[in-house]
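Notes to accompany the following structure.
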Amino acid sequence: MVYYSALQALAVSVYILNVEATQPNASNIPSEAVSIPPLSFAVMGQNATFRENGFKTTFNPTNGTPPFFQIFHSDFLDILGPKATVRTIAVNDTFASGFAFEAPFFNAPTNEIFFASSVFVPESSFNHTNRISKINMTLVEEALAEDVANINIPFTTLSLPDTIQIINGATGPFKGSFVLATRGRGNLPSSLVSLNPNPPNNATVLLDNFFGRQFNSMNDLKLHPSGNIFFTDDDLGFILDQKPPPLLPSQVYMFDPVTGLVRMVADNVVLPNGIAFSPDGKTGYIGDSAGVTNQTLPSTVYAYDVDSKTFQFSNRRVFAFIDCGGPDGIQVDSKGNLYVASGDGVQIFRKDGVLLGKIFIGSDVANMAFAGDGKLIILGNTRIFLAQINAKSGLTMI
C-alpha cells in the first residue's frame with residue numbers, strides 16, 4: 001500500500017512538472033502577449049457561453065484588445081522573443097472589398113512587400129479582376145525608429161498585363177521573379193504566372209491548362225527545393241460566380257517549369273487552399289477550407305510525406321484543426337513551425353501539430369509572409385500588420 005501511494009505521488013509530481021513545463025514564466029512574457037494555459041479553459045461549466053459558430057465568433061477568453069499574442073504553450077516564447085510586438089502599418093478602406101487580402105511576397109532587393117486585394121465580389125468578379133499593390137518596408141522601419149504613434153505607410157498599385165486575372169497566391173523569388181497563382185475569370189483561364197517585381201512588371205504565363213482542360217481556380221502555391229512548383233486548385237471561382245462550372249476535381253498539382261510536366265499529386269481534399277513544405281521538402285502541408293461553406297466540413301491542415309523521386313503526396317494525416325475560420329495561407333519558419341492564416345489571425349503550430357499560440361487579430365486573415373528576418377507581414381483586408389518576432393522564413397527560394 002505504501003509502495004502504491006509512492007507511485008501515485010510520483011505520478012502526480014511528474015504531471016505537475018509536465019504542466020509547468022508547458023506554461024511560460026510570467027517574467028518572460030512580452031508586454032503585448034497574454035498567457036492562456038489550456039487547463040484554464042478545459043472546463044467552462046454548464047452555464048458558460050459557448051461558441052456556436054467557428055466562423056462568426058473568436059476565442060478571446062481574456063478579452064484582450066487586438067492585435068496581441070495569445071500564448072498556449074511556453075515554446076511560443078522561442079518564436080516571439082522577449083520584445084515581440086504587433087502593430088498596424090497600413091490602413092485603407094476605399095477598395096471594393098479589401099486592399100490587402102492575398103498573395104503576399106517580399107522582394108528583398110527593393111525591400112518591398114507586395115500583396116493582392118480581395119478575391120471576393122465586388123473587388124473580383126466574372127467581369128473584374130483584383131489589384132496588386134506594394135509598400136516600402138524601409139518607410140516602415142523609419143516610422144518604427146521614430147516611434148510614430150499611428151503608422152500608415154502609403155501603397156502603390158501596379159498596372160499589370162491582362163494575362164493576370166484575379167491573383168490568389170504568390171511565392172518566390174524564383175529566378176529573380178515571383179510566381180503567381182491566378183483564378184482567371186469568366187472564360188479566361190486560371191494560370192501560373194511569373195511576374196517581374198521591377199517596373200514595368202513584365203509577366204510570363206507558365207501554365208494555363210491540364211492537357212487542354214482549364215484548371216478550376218488556382219488558389220495557392222509554393223516552390224519545392226527540387227525546383228518544382230506545387231499548387232492547389234479548388235472550385236471557389238465557380239462558387240463566387242467568377243468562373244464557369246468546374247471541369248476537374250479539386251486537387252493538388254506539381255508543375256516542372258523546366259520540362260513543362262504537370263501532374264496531380266494529391267486528391268481527396270474537399271477545398272484545397274494553402275500549401276507549404278517543411279524546410280527540407282520532405283513533408284508537405286495542405287489546408288482544406290471546406291468549412292467555409294459548412295462548418296461541419298473540414299477546416300483542417302493535413303501533413304503528407306513527399307516522395308523524393310515522384311513527388312507524390314502520401315501517408316496523409318491530420319496535422320491540425322483550425323478552431324476559427326478555415327486554414328488559408330500557410331507559411332513555415334526555418335525551424336519547421338507552421339503559420340496558418342485563419343478566422344482570428346495567425347495560428348502557429350509546432351512541427352508536431354501542437355498549437356503554440358496565435359497572433360490574435362480578432363478578424364479574418366487570408367495570408368502572411370516574412371519580409372526579412374523577424375518581420376512577419378499579416379494581411380488583414382483593410383489593414384496590414386507587422387509582427388516583430390524571433391523567427392525567420394523557411395520558404396524555398398530559387
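Predicted model only: the values in this text are computed from it and were never measured. Start at 1 with the first residue, then count along the sequence.
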Just do the side chain to side chain donor-acceptor pair (under 3.5 Å) check on Asp333 and Tyr339 with the steps written out, would you?
-> CA-CA 8 Å; Asp333 69 20; Tyr339 298 62; 2.8 Å; yes
Stepwise, does the ring pair (Phe, Tyr, Trp, His ring centres under 6.0 Å) test hold for Tyr302 with Phe313?
-> CA-CA 11 Å; Tyr302 297 101; Phe313 283 32; over 10 Å; no
side-chain contact (heavy atoms from CB on, under 4.5 Å) between Leu180 and Phe105, worked out = CA-CA 10 Å; Leu180 310 179; Phe105 63 89; 4.0 Å; yes
Quick one: do Asp241 and Val121 satisfy side-chain contact (heavy atoms from CB on, under 4.5 Å)? Show the steps, please.
-> CA-CA 9 Å; Asp241 196 28; Val121 293; 6.0 Å; no
When you look at Asn92 and Thr94, which way does the side chain to side chain donor-acceptor pair (under 3.5 Å) test go after all the steps?
-> CA-CA 6 Å; Asn92 185 276; Thr94 61; 2.8 Å; yes
For the pair Asp305 and Arg317, evaluate salt bridge (charged side-chain N to carboxylate O under 4.0 Å, His left out) and give the outcome as yes or no after the intermediate values.
-> CA-CA 9 Å; Asp305 295 333; Arg317 61 268 190 196; 3.0 Å; yes
Check step by step if side-chain contact (heavy atoms from CB on, under 4.5 Å) holds for Ser133 and Phe114.
-> CA-CA 6 Å; Ser133 305; Phe114 293 70; over 6 Å; no
After noting the C-alpha distance and the side-chain angles of Phe95 and Thr157, does the key distance pass the side-chain contact (heavy atoms from CB on, under 4.5 Å) rule?
-> CA-CA 11 Å; Phe95 278 45; Thr157 299; 4.0 Å; yes
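In this structure, the side chains of Lys243 and Leu188 stay at 4.5 Å or more apart for every pair of heavy atoms. Within the 4.5 Å cutoff, no side-chain heavy atoms of Val86 are placed close to those of Phe360. The closest side-chain heavy-atom distance from Ile229 to His224 is not below 4.5 Å. Side chains of Phe370 and Ile377 form no contact here, defined as non-hydrogen atoms less than 4.5 Å apart. Looking at Phe210 and Val262, their side chains come closer than 4.5 Å, going by heavy atoms from C-beta outward. For the pair Met368 and Phe385, the minimum side-chain heavy-atom distance is 4.5 Å or more. Contact check for Lys222 versus Thr396: no side-chain heavy atoms found under the 4.5 Å cut-off. Side-chain contact between Ser250 and Val269 is absent, with no heavy-atom pair separated by less than 4.5 Å.
Taking 4.0 Å as the cut-off between side-chain N and carboxylate O, Asp78 and Arg350 do not count as a salt-bridged pair. A salt bridge is defined here as a Lys NZ or Arg NE, NH1 or NH2 lying under 4.0 Å from an Asp or Glu carboxylate O, and Asp307 with Lys282 fails to meet this definition. Contact check on Arg51 versus Asp323 returns a salt bridge, with a Lys/Arg side-chain nitrogen under 4.0 Å from an Asp/Glu carboxylate oxygen. Note on Arg131 versus Glu123: salt bridge recorded, some NZ/NE/NH1/NH2 to OD/OE distance being below 4.0 Å.
Under 3.5 Å, the side chains of Asn273 and Ser289 contain a donor-acceptor pair of N or O atoms. No side-chain N or O of Gln251 forms a donor-acceptor pair with one of Asp267 less than 3.5 Å apart. Side-chain contact check for Thr85 and Gln388: at least one donor-acceptor pair (N or O, by modelled atom type) lies under 3.5 Å. Side-chain contact check for Arg183 and Gln242: at least one donor-acceptor pair (N or O, by modelled atom type) lies under 3.5 Å. Using a 3.5 Å distance cut-off with no hydrogens or angles, the side chains of Asp234 and Ser217 do pair a donor with an acceptor. With hydrogens and angles left out, the side-chain atoms of Asn168 and Asn219 include a donor and acceptor closer than 3.5 Å. Under 3.5 Å, the side chains of Thr204 and Ser194 contain no donor-acceptor pair of N or O atoms. Under 3.5 Å, the side chains of Gln312 and Ser314 contain no donor-acceptor pair of N or O atoms. Using a 3.5 Å distance cut-off with no hydrogens or angles, the side chains of Asn315 and Tyr304 do not pair a donor with an acceptor. Side chains of Thr58 and Asn60: a donor-acceptor N/O pair is absent below 3.5 angstrom, by distance only. Side-chain N/O atoms of Ser226 and Asn228 include a donor and acceptor closer than 3.5 Å.
Under the 3.5 Å distance criterion, the side-chain polar atoms of Thr232 are matched with a main-chain donor or acceptor of Asp220. Using a distance-only test at 3.5 Å, with no hydrogens or angles considered, no donor-acceptor pair links the side chain of Gln331 to the main chain of Asn367. Distance alone, capped at 3.5 Å, places no donor-acceptor pair between the Ser117 side chain and the Ala100 backbone. Although no hydrogens or angles enter the test, the distance criterion places a donor-acceptor pair under 3.5 Å between the side chain of Asp233 and the main chain of Asn216. Counting only distance, with no hydrogens or angles, the side chain of Ser177 and the backbone of Phe174 share no donor-acceptor pair below 3.5 Å. At distances below 3.5 Å, at least one donor-acceptor pair connects side-chain atoms of Asn152 with backbone N or O atoms of Val91. Of the possible donor and acceptor atoms, one in the side chain of Thr57 sits under 3.5 Å from a partner among the backbone N and O of Asn53. Between the side chain of Ser40 and the backbone N or O of Pro37, at least one donor-acceptor pair lies under 3.5 Å. With Ser124 contributing its side chain and Ser118 its backbone, the two residues share a donor-acceptor pair below 3.5 Å.
When the side chains of ILVMFWY residues are joined at heavy-atom separations under 4.5 Å, either directly or via intervening members, Val140 and Val148 end up in a single hydrophobic cluster. Clustering ILVMFWY residues whenever any of their side-chain heavy atoms sit less than 4.5 angstrom apart, transitively, puts Leu80 in the very cluster that holds Leu356. Leu77 and Ile348 fall within a single hydrophobic cluster, where Ile, Leu, Val, Met, Phe, Trp and Tyr side chains are chained together by heavy-atom contacts under 4.5 Å. In this structure, Ile322 is not a member of the same hydrophobic cluster as Phe55, with clusters built from ILVMFWY side-chain heavy atoms closer than 4.5 Å. Under the 4.5 Å side-chain heavy-atom criterion for grouping Ile, Leu, Val, Met, Phe, Trp and Tyr, Ile79 is connected to Ile361 within one hydrophobic cluster.
Residues Glu141 and Asn111 come closest through the heavy atom pair OE2-ND2, 3.5 Å. Between Met218 and Thr182 the shortest heavy-atom distance is CB-O, 3.6 Å. Listed here is the closest heavy atom pair of Asp328 and Val340: N-CG1, 4.4 Å. Smallest separation of non-hydrogen atoms from Pro244 and Asn187: CG-OD1, 3.7 Å. Shortest non-hydrogen contact noted between Ser191 and Val205 is CB-CG1, 4.1 Å. When every heavy atom of Ile286 is checked against every heavy atom of Ile330, the shortest pair comes out as C-CD1, 4.4 Å.
Expressed to the nearest 0.5 Å, how far CG of Leu376 lies from CG of Leu386 amounts to 8.0 Å. The CD1 atom of Ile378 lies 10.0 Å from the OG1 atom of Thr88; values are rounded to the nearest 0.5 Å. Rounding to the nearest 0.5 Å gives a distance of 10.0 Å between CG of Leu195 and CG of Asn107.
Crowding of Asp162 atom CG: a count of heavy atoms from other residues, nucleotides or ligands under 6.0 Å not exceeding 12. Enclosure of atom CG in Asn150 is not indicated, since only 12 or fewer non-hydrogen atoms of other residues, nucleotides or ligands lie within 6.0 angstrom.
Between Phe231 and Tyr253, the ring-plane angle classifies as parallel under the 30° and 60° cut-offs.
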